[in-house]
Protein chains: 2
Amino acid sequence: MTVAAEPCEVMTKPRQRRKEARPAELAAAALELFVEKGFAATRLDDVAARAGVGKGTVYLYFESKEALFKAAIEAAMTPTVEAAEALVECGDLSAAERLREFVHGWWRMVAGTPIGGLPKLLVAESGNFPEIAQWHYETIIRRAMRALGRIIEAGIASGEFRPVPVEFATRIVFSPMFSIIVWTRAFGDMMCDLPDPKRFLDEALDVLINGLHGERK
Amino acid sequence: MTVAAEPCEVMTKPRQRRKEARPAELAAAALELFVEKGFAATRLDDVAARAGVGKGTVYLYFESKEALFKAAIEAAMTPTVEAAEALVECGDLSAAERLREFVHGWWRMVAGTPIGGLPKLLVAESGNFPEIAQWHYETIIRRAMRALGRIIEAGIASGEFRPVPVEFATRIVFSPMFSIIVWTRAFGDMMCDLPDPKRFLDEALDVLINGLHGERK
DNA sequence: AAATAATTACTGACTGGACAGTCAGTAATT
DNA sequence: AATTACTGACTGTCCAGTCAGTAATTATTT
C-alpha cells in the first residue's frame with residue numbers, strides 16, 4: 001500500500017510548536033470535557049485531541065490527570081469570582097436592587113458557559129478530591145459569600161432589611177443560585193417542565209427580599 | 001507452606017445460602033458505597049465484601065454494575081418519598097406550620113443516613129446515567145414537589161399566603177433543602193464554619209414564610 | 001544565502017495496573 | 001445422589017502515564 005500523497009485531506013494542518021499557548025488551551029479543553037463527562041469518564045486522549053495535540057503533550061505541561069483537573073478549575077474560577085465581586089460595587093442602589101444586580105449579573109456571566117458547570121462538577125468530585133473541594137470552598141465560595149454578605153449587611157445597617165443573622169441570610173440567598181445552577185446542569189436536559197431560570201431567580205428574589213424586609217411574623 | 005489449620009481466626013463464619021436475603025443486602029451495601037465513593041470509584045469486590053459474599057454472587061442477582069446501581073437507588077428512594085408524603089397529612093395546622101413540619105420531618109428522616117447522600121450522588125452521576133436521573137426526577141422529585149406544592153396552595157387558598165405562582169414558590173422552598181443536603185455531603189467534612197443545618201433550615205423557613213405572607217413590596 | 005548541526009516541542013505506540021464480568025468448581029441443602 | 005447457591009481465579013478491556021523517535025525551529029558554519 002502506497003502513501004497516497006495527501007489526496008485532498010480535510011485541511012490536515014502540520015504539526016506546530018507553540019509552547020506559550022499550550023497550557024491555557026489544554027486547560028480550556030480539559031474544563032469543557034470534565035464539565036461534560038466528569039473526571040473519571042474524561043480520557044486524556046480526548047482532551048489532547050480537543051486541544052489539537054497528541055496525548056504526550058499533555059504531560060509536558062501537567063504532572064498528571066489530577067494536576068490538569070486542578071489547573072483547569074483554578075484557571076476558570078479565579079477570574080470569575082473577581083468579576084462577581086465587581087458586581088457588588090454598583091452605584092447608589094438600594095440593597096434589594098443590589099441583590100438583584102448581583103444575582104442576575106452572576107447568572108449572565110456563567111449560564112451557558114463551561115464555568116456554569118463547575119458547581120456540579122465540584123459537588124460530584126468533592127469526595128474523590130477533598131483538597132480541591134477545600135481549596136474551592138475557602139478561596140472561591142467564601143469570597144463570593146462575603147461579597148453577598150456585604151450587601152445584606154448594608155441593607156440591615158440602613159434599616160432596609162430587618163436584623164437577620166447575616167451568616168444565615170447570606171446562605172439563604174445563595175441557595176436558589178446554587179440550586180438552579182446545579183439543577184439545570186444535572187437535570188436540565190431531561191426536564192420538559194424546568195422553569196425558566198431567570199424567572200425562577202426573579203421570583204426567588206421577590207420572596208427573599210420581601211422576607212428580609214417585613215416584620216417578623 | 002502449610003495451611004495452618006485455622007489459628008484462632010476472627011470468627012470466619014462458614015459459607016451460607018440465603019437466596020431471599022441477598023438482593024436486599026447487596027443493594028444496601030451498594031448504596032452505602034456508591035454514596036461514599038461515587039459510581040466509578042466503587043468496586044464490586046468491595047460491595048460483595050461488605051454484603052458478606054463473593055463477587056460472583058453479585059452477578060447471580062444483578063445483570064451488571066449499572067443494574068445494581070439503579071436497583072440500590074430505587075429501593076432506597078421509593079419508601080422515603082412515601083414517608084415524606086405522609087408528612088403533609090398532619091392535622092389542622094397553619095400552612096406555615098405544615099411547611100415547617102414537612103421540612104424538619106424530611107431532614108430528620110434523611111440526615112445521617114445513606115439516603116441523605118442520594119441527591120449528591122444523583123447530581124454527580126446524572127451525566128453518565130441520564131435514564132436513572134430522569135426516572136428519579138419524574139418518579140421522586142415531582143412527587144415530593146407536588147406534596148410541597150399542595151401545602152402552599154392550601155396556604156394561598158386560605159389567604160395565609162399571598163397569591164404567588166405555586167410552581168415557582170415550590171421550587172423556592174425546595175432550594176434550601178436541596179442546598180443543605182447536597183452541601184453538607186459535598187463540603188461538610190472540610191468546612192469548619194458550616195452552619196448547623198437545622199438552624200439554617202429554620203432561618204430559611206423564617207425568611208421564606210415571611211416572604212410568602214407579606215404584601216408585595 | 002544555503003547547508004549543516006544542535007536544540008527541543010511534540011508525538012503515539014507501548015506498558016502496567018485496575019477492574020467489570022465469566023465460569024469451572026465447591027459445598028450447603030434437599 | 002441430585003440440586004443449586006455460592007465462590008474466586010481468570011480474561012479481556014480500558015486508560016493513565018512513559019519514552020524512544022520525529023520534525024519544527026534556532027544556531028552555526030560555509
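- Atom pair A:R43:CZ and D:dG17:C1' shows a separation of 16 Å (rounding to whole Å applied).
- Nucleic acid contact for B:K55: base, since at least one base atom lies under 4.0 Å from a heavy atom of the residue.
- Atom-to-atom, CG of A:D45 to P of D:dC14 comes out at 13 Å; the value is rounded to the nearest Å.
- Atom CZ of B:F69 and atom P of C:dG21 are 14 Å apart (whole Å).
- Following rounding to the nearest Å, B:D46 (CG) and D:dG8 (C1') show an atom-to-atom distance of 15 Å.
- A:V53 comes within 4.0 angstrom of the backbone, heavy atoms only, and of no base.
- Among the heavy atoms of the strands lying under 4.0 Å from B:L60 is at least one base atom, whether or not backbone atoms are also near.
- Between the side chain of A:R17 and the base of D:dA24, a donor-acceptor pair under 3.5 Å is found.
- Atom-to-atom, CZ of B:R15 to C1' of D:dT7 comes out at 5 Å; the value is rounded to the nearest Å.
- Backbone-only contact: B:Y61 has heavy atoms under 4.0 Å from sugar-phosphate atoms and none from a base.
- Figure legend: A:K70 and A:F129 shown without cation-pi pairing, the cationic atom not lying both under 6.0 angstrom from the six-membered ring centre and within 45 degrees of its axis.
- Of the two residues near DNA chain C, B:G56 and B:L44, the one whose nearest nucleotide lies more 5' is B:L44.
- The side-chain heavy atoms of A:I132 and A:E125, taken from C-beta on, include no pair separated by under 4.5 Å.
- Across the protein-nucleic acid pair, A:F39 atom CZ and D:dC15 atom C1' stand 12 Å apart, rounded to whole Å.
- Nucleotide C:dA27 has D:dT4 as its partner under the Watson-Crick or G-U criteria, with both atom distances under 3.5 Å.
- Distances shorter than 4.0 Å separate none of the side-chain N or O atoms of A:R22 from OP1 or OP2 on C:dA9.
- Residues A:P165 and B:R199 meet the side-chain proximity criterion, which asks for heavy atoms closer than 4.5 Å.
- To the nearest angstrom, C1' of D:dA16 lies 12 Å from CG of A:L68.
- If you find the closest nucleotide of DNA chain C to B:Q16 and to B:K65, the one lying nearer the 5' end belongs to B:K65.
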Trace of the side-chain contact (heavy atoms from CB on, under 4.5 Å) decision for A:S175 with B:M177: CA-CA 9 Å; A:S175 49; B:M177 300 168 69; over 6 Å; no
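- Using the six-membered ring where Trp is involved, A:F69 and A:F39 have ring planes that are perpendicular, over 60° apart on the 30 and 60° scheme.
- Look at C:dA3: its Watson-Crick or wobble partner, with both distances under 3.5 angstrom, is D:dT28.
- Rounded to whole angstrom, the span from the OH atom of A:Y59 across to the P atom of D:dG17 amounts to 4 Å.
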